[in-house]
Amino acid sequence: MHLLTFLPLLYHVGILTLVYIQTSNFTSSATSAGKVCILQNSFEPGFIAEGDYIIAGIFPLHYNQEMPDLNCTYKPPPVKCNGHRFDPRAFRWAQTMRLAVEEVNQNLELLPNYTLGYKIFDSCAYPLTGQRAAMAVLNGMSEDDSPMCSGASPLLAVIGESGSAHSKSSKPASHHYDLLYSPLLFFCFTQISYFSSCACFTDRTKYPTFFRVIPNDDYQVKAIAQLLVRFNWTWVGVVRGDHEYGRFAVQGLMRELQGTSVCVAYQEMIPLLYNQQRALEIISLTRVVVVFSAEGEMTPFLRDYMKQNITGIQWVASEAWVTASVFTGKEYYPYLGGTVGFGIRKGYISRLSNYLETVNPQRYPNNMLVKELWEALYGCSPSLSSASQLPPCSGQESPLKQHSAYLNTSSPRVAYNVYKAVYAIAHSLHNLLMCQPGSGPFKNQSCAQSDNVLPWQYYLQEVKFIIAGEEVNFDLKGDSIPYYDIINWQRGTSGNIEFVNVGLFDGTKPAGEELVIQEDMIMWAGDQSEVPVSVCSASCLPGSRKAVRRGEPVCCFDCVPLSLNLSITKCTFCPEDFWSNKDRTACIAKKVEFLAYDSLGIALTVTSVVGACLTIVVLAVFFYHRNTAIVRINNSELSFFILFALTLCFLCSLVFIGEPTFWSCMLRHTVFSITFSLCISCILGKTLVVLAAFTATRPGENIMKWLGPKQQRAIIFSCTLVQVVICGAWLIDAHPYPSRNTKYERSKIILECSVGSSLAFWCVLGYIGLQACLCFVLAFLARKLPGNFNEAKFITFSMLIFCAVWLAFIPAYISSPGNYADAVESFAILASSFGLLFCLFAPKCYIILLKPEKNTKQHLMGKEKK
């Protein structure tokens with residue numbers, strides 16, 4: 001059994017073997033025999049070019065190979081791929097590598113005086129053949145008559161293979177590949193992959209010389225997981241190929257989906273040796289299917305899938321097949337239209353289109369790959385060989401539109417990766433060869449030798465250059481920048497499938513910001529414009545709960561009606577703005593409350609307007625009797641200031657009524673605090689004047705000269721300015737704003753104004769309290785001064801009422817929620833305003849209107865004759 005297991009491996013390795021050459025035949029005896037080292041099999045490259053340094057390329061130019069008869073009774077035939085499954089797309093990748101090498105050789109600034117050569121092999125999209133190609137690149141320009149190695153190999157790196165499982169052919173990790181990997185590791189040959197995205201290659205202990213110009217699959221599975229969560233696809237199927245790429249991708253996807261609402265209905269594998277019966281078992285009725293596979297494996301699988309006439313499946317494609325031109329035909333659209341996937345970032349190669357048109361059988365008459373390309377594109381044979389069953393053609397046919405698999409260069413992706421890989425090698429080799437002794441990166445600042453470029457991987461690790469406007473570099477794990485285009489398969493004008501960019505995934509962005517999708521541009525499966533629904537069980541309606549099915553994923557459940565006698569273990573919470581009804585079967589909108597123009601609001605509004613009107617009436621009375629003794633003695637200018645400020649105090653309470661808005665919240669406390677500060681400042685100025693006026697009558701006193709009209713205005717302005725500064729700082733640092741209070745009562749939403757800064761709020765109230773206390777103390781000291789009309793007594797009473805109101809306001813405000821807090825503050829404003837108005841101006845109005853005979857200077861000064 002062990003021998004049979006290793007027979008295919010021995011065939012594909014085709015290493016040099018020591019054999020005895022007999023003079024007659026294999027069974028006859030010989031008198032003498034010599035040991036000669038000969039090659040038992042031949043594996044020639046498809047394209048070859050000489051140069052100072054050689055780059056090898058391995059491409060899947062055929063979908064699979066013809067398996068030979070391995071009975072070990074005769075010499076095995078050369079490796080032969082299945083000619084009926086030629087891949088023009090992969091052939092384009094190979095030509096891109098040739099073009100890039102030619103451009104580097106023609107570039108006078110890159111690698112001057114040195115040239116690059118290449119050897120390009122066909123892997124047949126088969127891992128063992130890929131291994132055989134990896135071993136073939138170790139020889140010279142031709143395997144036949146290759147001399148023994150005597151110096152450093154001119155081979156720099158291997159570009160390839162396309163799939164991760166195939167790259168394992170060149171960089172194997174399991175024990176099946178140790179025999180092949182050891183010589184590659186020993187000679188430190190570097191592989192730069194253009195299409196191998198498997199996360200398994202990030203292990204630098206196993207793959208120290210592996211680089212790639214395609215993002216790591218860890219980013220792709222992260223992007224796919226975010227896509228599934230984004231569109232709420234909670235029930236999906238996963239299909240993968242039988243290789244490391246598919247296995248690691250599925251493992252990564254399952255890891256990313258942990259903790260999300262997405263459940264995987266099944267995980268299936270497309271067998272490497274395709275089996276139709278097994279493939280038909282994979283096809284499921286799951287609405288959304290994620291596929292990690294290559295186009296070569298997908299082709300027979302999709303053909304069988306189409307034979308079953310199953311439509312409406314929303315495919316989520318990996319980068320390995322999301323841009324495969326082989327699936328763009330009209331016949332594929334009913335089954336694959338609407339596919340969404342993550343594709344390699346597209347680039348631009350200016351000369352590629354013209355270069356591809358120069359490849360024809362007339363220019364390469366002896367190249368079998370070019371002949372097979374012509375047969376695949378035109379269905380004719382440019383060769384005169386009678387073995388071909390196709391009609392003959394000249395080999396000079398013009399390219400046609402249906403040849404997009406080969407000639408589509410408008411948005412190269414994989415080909416662009418091949419292009420970048422060649423230039424990465426060229427730039428790193430250029431840095432090595434141009435290194436100046438004394439400034440090198442190695443010991444004693446030395447440089448590598450031009451005839452022994454063994455340590456050149458260091459330069460590849462550190463390389464950084466710009467190509468077509470894109471920066472190319474590698475991280476410490478050999479990975480490139482994680483960036484994907486989100487591609488949607490839509491019907492083109494001719495009926496074929498077109499790849500349309502509908503977004504991007506940028507792995508360098510912060511978490512949660514990587515995925516950007518233009519949903520309105522997406523056409524979903526079945527020509528639908530709405531996002532398809534993929535769930536195991538629909539969401540339960542209000543009045544029912546989830547009942548998880550035993551032995552099934554949590555996404556699959558039954559909906560059980562709720563009843564009062566049912567012991568409920570889990571209920572669905574209503575949204576923040578909703579509340580459950582009495583029966584707890586539905587979510588209803590919460591009642592929104594604020595100090596509206598209802599009975600309470602109207603009462604406060606009327607009181608405010610009445611207070612403002614009374615103040616204006618008093619102002620009119622004072623203005624009309626401005627020349628009388630009581631108005632003049634009590635400082636008419638300050639009285640007018642106080643009445644004006646009181647009018648504003650009454651009106652500012654209106655700002656507290658109505659639905660809170662940004663501006664009303666900004667104005668509420670600031671207008672109130674500034675107007676009250678202005679009013680108390682005027683009263684403080686009047687108190688100082690009263691105290692100074694009576695003190696000035698004593699001999700030798702001259703205080704009134706310091707309290708003239710200008711000084712009084714300065715006192716009012718400076719005291720009010722302090723409050724304005726406090727309010728300005730409050731608005732700049734943490735201004736009040738409207739908020740929705742849902743914590744006080746869960747069944748209601750209370751709209752209120754958050755003060756923003758509690759410190760600033762209590763500062764403005766504290767400053768008004770400080771002014772009121774100072775005014776009260778001064779008025780209290782002047783209460784027993786002589787005169788029939790001592791205004792200090794009325795100021796004392798007014799300050800007592802003012803302080804009592806606001807001392808009672810503090811606990812009431814703190815304990816009142818939402819609209820009641822606004823009502824308490826509005827009531828405190830009105831109460832204190834009425835207290836000031838009546839205490840200060842009611843006695844004066846009584847004398848002016850009802851006792852005009854007492855409105856004389858002699859009576860007011862207490863000097864009237866009895």
Side-chain angles (χ1 to χ4, degrees), residues 603-626 628-654 672 675-687 689-690 716 768-769 771-780 782-783 785 787-809 812 823-852 854-855 860:
L604 292 174
T605 302
V606 171
T607 305
S608 175
V609 173
V610 170
C613 292
L614 283 177
T615 308
I616 294 173
V617 170
V618 173
L619 180 63
V621 170
F622 265 58
F623 184 78
Y624 184 78
H625 297 89
R626 62 186 180 277
T628 60
I630 195 169
V631 177
R632 297 183 64 184
I633 287 177
N634 288 284
N635 198 327
S636 60
E637 183 176 355
L638 288 181
S639 296
F640 290 140
F641 270 127
I642 294 173
L643 289 170
F644 171 73
L646 280 176
T647 304
L648 296 180
C649 289
F650 279 113
L651 295 178
C652 77
S653 65
L654 297 176
F672 144 71
T675 54
F676 264 89
S677 182
L678 173 62
C679 182
I680 302 299
S681 298
C682 294
I683 297 175
L684 179 62
K686 174 171 281 198
T687 305
V689 170
V690 170
I716 297 171
I768 295 174
Q771 286 181 299
C773 291
L774 181 61
C775 190
F776 170 76
V777 171
L778 294 177
F780 183 79
R783 71 189 186 285
L785 294 176
N788 290 332
F789 191 86
N790 184 359
E791 194 173 15
K793 297 178 182 179
F794 304 109
I795 295 175
T796 303
F797 282 118
S798 67
M799 291 298 103
L800 278 174
I801 295 174
F802 184 86
C803 292
V805 169
W806 286 102
L807 286 175
F809 158 79
V824 167
E825 189 168 359
S826 182
F827 177 80
I829 293 172
L830 294 175
S832 57
S833 299
F834 274 112
L836 294 176
L837 179 64
F838 283 110
C839 289
L840 294 177
F841 295 98
K844 300 174 186 177
C845 291
Y846 173 77
I847 294 175
I848 293 174
L849 298 177
L850 301 180
K851 297 292 183 177
K854 294 183 179 182
N855 193 3
L860 297 176

key: Chi angles and distances behind the side chain to side chain contact (heavy atoms under 4.5 Å, CB included) call for Ile683, Met799   = CA-CA 10 Å; Ile683 297 175; Met799 291 298 103; 3.9 Å; yes
Can you tell me how far the [atom1] atom of [X] sits from the [atom2] atom of [Y], to the nearest 0.5 Å?
{"X": "Leu643", "Y": "Leu648", "atom1": "CG", "atom2": "CG", "answer": "11.5 Å"}
{"X": "Leu614", "Y": "Leu646", "atom1": "CG", "atom2": "CG", "answer": "11.5 Å"}
{"X": "Ile801", "Y": "Ser833", "atom1": "CD1", "atom2": "OG", "answer": "12.0 Å"}
{"X": "Glu637", "Y": "Cys682", "atom1": "CD", "atom2": "SG", "answer": "9.5 Å"}
{"X": "Leu774", "Y": "Ser681", "atom1": "CG", "atom2": "OG", "answer": "10.0 Å"}
{"X": "Thr628", "Y": "Lys844", "atom1": "OG1", "atom2": "NZ", "answer": "11.0 Å"}

ask   = Between Leu840 and Phe797, does a side chain to side chain contact (heavy atoms under 4.5 Å, CB included) hold up when you go through it step by step?
value = CA-CA 9 Å; Leu840 294 177; Phe797 282 118; over 6 Å; no
Search all heavy atoms of [X] against all heavy atoms of [Y] and return the closest pair with its distance.
{"X": "Leu836", "Y": "Ser798", "value": "CD2-CB, 3.9 Å"}
{"X": "Ile829", "Y": "Cys652", "value": "CG2-SG, 4.0 Å"}
{"X": "Ala645", "Y": "Thr675", "value": "CB-O, 4.1 Å"}
{"X": "Leu651", "Y": "Ala612", "value": "CD2-CB, 3.7 Å"}

Modelled atom types, side-chain donor and acceptor of Thr647 and Thr615, under 3.5 Å =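 No - no donor-acceptor pair under 3.5 Å links their side chains.
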task = Side-chain contact test, heavy atoms from C-beta onward, threshold under 4.5 Å: evaluate it for Cys775 versus Lys686 and give yes or no.
result =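 A side-chain contact under 4.5 Å is absent here.
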task = Taking the side chain as every heavy atom from C-beta outward, state whether Phe676 and Phe802 have any pair of such atoms under 4.5 Å apart.
result =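 The answer is yes, as the side chains (C-beta and beyond) meet within the 4.5 Å cut-off.
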ask   = Which class fits the ring pair Phe834 and Phe650: parallel under 30°, tilted 30 to 60°, perpendicular over 60°?
value =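 It falls in the perpendicular class, over 60°.
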State yes or no: are the ring centers of [X] and [Y] separated by less than 6.0 Å?
{"X": "Phe794", "Y": "Phe841", "answer": "no"}
{"X": "Phe644", "Y": "Phe640", "answer": "no"}
{"X": "Phe827", "Y": "Trp806", "answer": "no"}

message = For a side chain to side chain contact (heavy atoms under 4.5 Å, CB included) check, start with the C-alpha distance between Ser653 and Phe672, then their side-chain angles and the critical distance, and finish with the verdict.
response = CA-CA 8 Å; Ser653 65; Phe672 144 71; over 6 Å; no
query = When you look at CZ of Phe641, are more than 12 heavy atoms from neighbouring residues, nucleotides or ligands closer to it than 6.0 Å?
reply =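 No, the 6.0 Å shell around CZ holds no more than 12 heavy atoms from other groups.
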